[in-house]
Every structure is written in C-alpha cells, then in structure tokens.
Amino acid sequence: MKNLKENIDNFLKEFNEDIKDLNSLERLKEIEIKYIGKKSKLHSLLKIIGQLNTTEEKKEAGNLINNLKVNIETQINNLKETFQSKEIEEKLKQNSVDFTKPVFVERKGSLHPITLIKRDVDRILTGMGFSLVSGPEMESEYYNFEALNIPSTHPARDMQDTFFLLNEMILRTHTSSCQSRTLEKYKPPLRIFAPGKCFRYESIDASHETAFYQVEGLLVDQNITIANLIGTMKTLLSEIFTESDVEVRLRPGYFPFVEPGFELDIKCIICHGKGCSTCKNTGWLELVPCGMVHPNVLKYAKIDPEKYNGFAFGLGLTRLAMMRYKINDIRYFNSGDLRFLKQFR
Ligand code: FA5
C-alpha cells in the first residue's frame, strides 16, 4: 500500500511538472496519452492491485487509483477548454468582424420606368379627386367597342388591328373599355382613371409595341365644358413634366366615343417650341387623345345625356415614359435588358 501511495505522489508530481509549461493543445494530447491512455502510467499502477493481499487493501487501492484518474481527467479537460477558447479568440482576432459597421447589401432589383411613371400619374390624378379602377385585359367586344359607340365596320375591329381570341374574347386594344364598364356600374357624378396594359396587332418599330400601357381618364357630371378638360390636362401634364405651366393646344381628332374629339399636344418640353428632333421640328408633341363623352356612350349605360356630360382622355403611358426619360426606342421596355433597367435605380 505504502508503495502505491508513493507511486501516486510521484505520478502527480510528474504530471504537474509536465503541465506547468504547457503551451499547445498537441502537447496536452501527448500528456493525456502518457498519463491516462491505454498504455499509460495509470494502467501500470493498476497492476499493483493484483499484488496486494487483502480485499480491504485492494478496495482502498482501487479507490485511490480511481480518484487519481478522475483528478487527472478533470485537469486535462479544463486545460483543453482553455486552449480551445484561446484558439477561437485568436481566430476572431485575425478575421476581426466589426459588428457596428453599416451593411451595404447590393440591391437586387429596381422599379420599371413604366411603374415609376404610373405611380406619378396615380398620385396626381388621385390628388385631383379621381378614383383608380381596373378592368380585364381579356375583354369582350361589347365593352371594348360596342358600348363605346365603335361600329362593327370601324377599322379598329379589323383582324389586322386587334388580337381576337379563340373564346370569342379579345385582348383589349385600349383602356377605354374601363369607361364603358365604369359607366355601367356606377352612377354620375364620377371621376375615374384606369391605368393598364393594351394590345394591338401592330408591326413593331421604335415607337410601336404590341403590348403597351395607357391611362384612361373619365369624368361625368353636370355642366362640364372643354375648359374643364383643358384645365385637368394642363394640371396633370405640368406635374408630370415638373413644369410650372405646360402650354397645350387642341386639334380635331376622331374617336367614336367622344364628340367633339381632340388630339391634345403640349409645347415641346425639350426645345420649348423652337423645334428639335424630339418634336420633329414642329415645336409640339402629340400626347393625349381626348374629348367630350359622346351622348351615345352615356345612353348605352342608361345615363341621361340631357342631364349629364363629361370628358375622357387616353394617355399613352409608354410613350409618356419615353418622353420623360428620353428613351428613343420603345422596344427597350419589354426587352428585359438589365443594362436598360438598371438606369432607373
Ligand atoms: C386610343 O386608344 C383612345 N382610346 C384614346 C382616347 C380615350 C380618346 C378617351 C378619346 C377619349 P389611340 O389609338 O390614339 O387612342 O391611343 C392612345 C395612345 O396610346 C397614343 O397616343 C399612344 O401614346 C399610345 N399608343 C397607341 N398605340 C401604341 C403602340 N402600338 N405602342 C405604344 N403606344 C401606343
């Protein structure tokens, strides 16, 4: 027994000596093998138990060796933890992260120029008391043509102009279909606008697309005059082009659902009327077809044209965006070309 206790004291002394100047996890692993591994000093101590005579002695020796084992294991584990957290600290120091730095995340997308201009038009018209309505892109001939006083003989109803679908519907050729739907649904006085996509069977070029955007406007009330139409257009366009007061002119225009009908031009916002390539040297830009609501359109919706009248306009949103952002080819809008789209961030 005496021999065993001496052995344990020496074991501990030697172990303490070994861990005194310990400086790496690798060295600690070597020490672990040396003291408590399979062929360790601890195992050779166990052999002493077999040489003892009494059961009490063997039991006591077993307890002493076990305590020693627990003691060594605890010390080794504590040292391991210390080394591991030191290692993590070192690594963090090397790749230091400053959590207070602002994070710059690359923006993945941007609003389409049509969305940008549509939002502006929405805001301006809403501010003037107009309510936003919407209608279907797949439309019936009734709402797109008939209820708008467009006879079956009108060229717009030709196969060469309109996309006819197999289910006897069409793709709406203009947002004016929202006029007929609104008049049927609501009673005057009313002010609505309807932005949306339109489709025409066109040959595509720099200023014509088969799918493009318009905004329809419609006001029906009592005693409405052309002056109200002009005033509304001037306010809308001045705000869109951020000009204090755009100059407009009306020319006669034919649309079966307005009488009289007009083409409203604005004085060129680039050259201010002097003449440039944008206005093809005329000084004017053709911008908004419009007019006073035709009595037949009101009659279709069972509204008394003797009591009510109003005005309507159909702004080409895609062309407006071209003017505003100085885009010289309409085909960019639907191209999905990121080089184009990224400019509108
Ligand atoms: C109409 O569509 C009428 N519904 C407008 C209207 C409404 C008149 C209310 C009177 C009262 P127009 O076919 O001219 O009119 O088209 C209106 C605008 O849509 C044009 O000025 C143009 O800006 C735009 N537009 C027409 N066709 C195309 C096309 N293929 N590509 C791009 N924009 C187009």
Side-chain angles (χ1 to χ4, degrees), residues 106-126 130 132-139 144 156 160-165 170-179 193-217 233 236-243 246 253 255 263-266 268-271 276-280 282 284-290 312-345:
E106 204 206 333
R107 291 173 66 186
K108 294 254 158 49
S110 55
L111 291 178
H112 193 279
I114 299 283
T115 307
L116 292 173
I117 199 133
K118 183 189 155 297
R119 285 189 177 182
D120 270 359
V121 172
D122 286 2
R123 178 181 50 77
I124 299 163
L125 286 174
T126 309
F130 286 77
L132 190 146
V133 301
S134 61
E137 289 172 2
M138 183 176 73
E139 188 54 283
N144 197 83
Q160 270 72 48
D161 284 292
T162 299
F163 288 110
F164 289 86
L165 305 176
I170 59 162
L171 291 182
R172 71 175 173 198
T173 59
H174 52 182
T175 43
S176 299
S177 55
C178 297
Q179 272 195 49
F193 69 104
K197 218 186 242 177
C198 310
F199 307 86
R200 289 187 195 174
Y201 190 14
E202 303 259 20
S203 47
I204 299 174
D205 60 27
S207 53
H208 293 85
E209 259 290 4
T210 48
F212 57 95
Y213 285 83
Q214 288 185 344
V215 181
E216 194 74 10
M233 292 298 95
L236 172 64
L237 297 171
S238 300
E239 289 225 24
I240 288 174
F241 291 109
T242 54
E243 297 262 321
V246 292
F255 303 94
E263 289 288 353
L264 184 139
D265 303 337
I266 62 165
C268 181
I269 43 151
I270 311 289
C271 66
C276 67
S277 59
T278 307
C279 62
K280 298 190 184 96
T282 61
W284 293 90
L285 295 167
E286 184 181 320
L287 204 57
V288 199
C290 55
F313 57 90
L315 191 60
L317 208 56
T318 308
R319 297 247 179 99
L320 189 66
M322 288 175 81
M323 245 172 242
R324 186 178 185 178
Y325 299 117
K326 303 192 174 57
I327 298 162
N328 59 11
D329 196 318
I330 201 168
R331 287 167 286 199
Y332 283 122
F333 289 102
N334 295 342
S335 67
D337 188 335
L338 289 179
R339 290 168 304 176
F340 169 71
L341 295 170
K342 273 183 182 164
Q343 297 175 72
F344 299 95
R345 277 193 179 165

Legend entry - Side-chain heavy atoms of W284 within contact of I266, under 4.5 Å: no
Inset, instruction - Say whether, by atom type as modelled, one donor and one acceptor occur between the side chain of Q214 and the main chain of T175 under 3.5 angstrom. - result: yes
Inset, instruction - Begin with the C-alpha distance, continue with both residues' side-chain angles, and end with the deciding distance and a verdict on side-chain contact (heavy atoms from CB on, under 4.5 Å) for S207 and R319. - result: CA-CA 8 Å; S207 53; R319 297 247 179 99; 4.1 Å; yes
Legend entry - Between SG on residue C290 and CG on residue L264, distance to nearest 0.5 Å: 5.0 Å
Inset, instruction - Return the orientation label for the H112 and F340 ring planes: parallel under 30°, perpendicular over 60°, tilted otherwise. - result: perpendicular
Inset, instruction - Check whether the ring centres of F164 and Y201 lie less than 6.0 Å apart, and answer yes or no. - result: no
Inset, instruction - Report yes if the side chains of L317 and K118 come closer than 4.5 Å at any heavy-atom pair, otherwise no. - result: yes
Inset, instruction - Decide whether N144 and T173 meet the rule of one side-chain donor and one side-chain acceptor closer than 3.5 Å. - result: yes
Inset, instruction - With side-chain contact (heavy atoms from CB on, under 4.5 Å) as the test, would you mind laying out the steps for S177 and E216 before giving the verdict? - result: CA-CA 9 Å; S177 55; E216 194 74 10; over 6 Å; no
Legend entry - Salt bridge present between D122 and R119 (N-O < 4.0 angstrom): no
Inset, instruction - Using a 4.5 Å cut-off on heavy atoms from C-beta on, say whether the side chain of F344 contacts that of T115. - result: no
Inset, instruction - Hey, could you give me the CZ/CD1 distance between R324 and I269, rounded to the nearest 0.5 Å? - result: 9.5 Å
Legend entry - Check against side-chain contact (heavy atoms from CB on, under 4.5 Å), L287 and M323: CA-CA 10 Å; L287 204 57; M323 245 172 242; 3.4 Å; yes
Inset, instruction - Search all heavy atoms of M322 against all heavy atoms of A206 and return the closest pair with its distance. - result: CE-O, 3.6 Å
Inset, instruction - Give a yes or no on whether a salt bridge exists between D205 and R331, defined as a side-chain N under 4.0 angstrom from a carboxylate O. - result: no
Legend entry - Distance-only side-chain donor-acceptor flag, S238 / E243, under 3.5 Å: no
Inset, instruction - Please confirm whether F163 and F199 have ring centers closer than 6.0 angstrom. - result: no
Legend entry - Sub-4.5 Å side-chain heavy-atom contact between V288 and M233: yes
Legend entry - Heavy-atom side-chain proximity of C178 to R172 below 4.5 angstrom: yes
Legend entry - Pairwise side-chain contact, T162 with L171, heavy-atom cut-off 4.5 Å (strictly under): no
Inset, instruction - Measure from the side-chain N and O atoms of T242 to the backbone N and O of E239, and report whether any donor-acceptor pair falls under 3.5 Å. - result: no
Inset, instruction - Any chance you could lay out the side-chain contact (heavy atoms from CB on, under 4.5 Å) test for E209 and E202, step after step, and finish with the verdict? - result: CA-CA 7 Å; E209 259 290 4; E202 303 259 20; over 6 Å; no
Legend entry - Interatomic spacing from CG in L236 to CZ in F130 - rounded to 0.5 Å: 8.5 Å
Legend entry - Distance (rounded to the nearest 0.5 Å) between L285 CG and C279 SG: 6.0 Å
Inset, instruction - Kindly compute the distance separating CD1 (I204) from CD1 (I330), expressed to the nearest 0.5 Å. - result: 9.0 Å
Inset, instruction - Taking all heavy atoms of S110 and all of L341, pick out the closest pair and write down the distance. - result: OG-O, 3.4 Å
Inset, instruction - Answer yes or no: is there a side-chain heavy-atom contact under 4.5 Å between R200 and F212? - result: yes
Inset, instruction - Could you tell me whether the side chain of F313 reaches within less than 4.5 Å of the side chain of P289, counting heavy atoms only? - result: no
Inset, instruction - State the CD1-OH distance between I114 and Y325, to the nearest 0.5 angstrom. - result: 9.0 Å
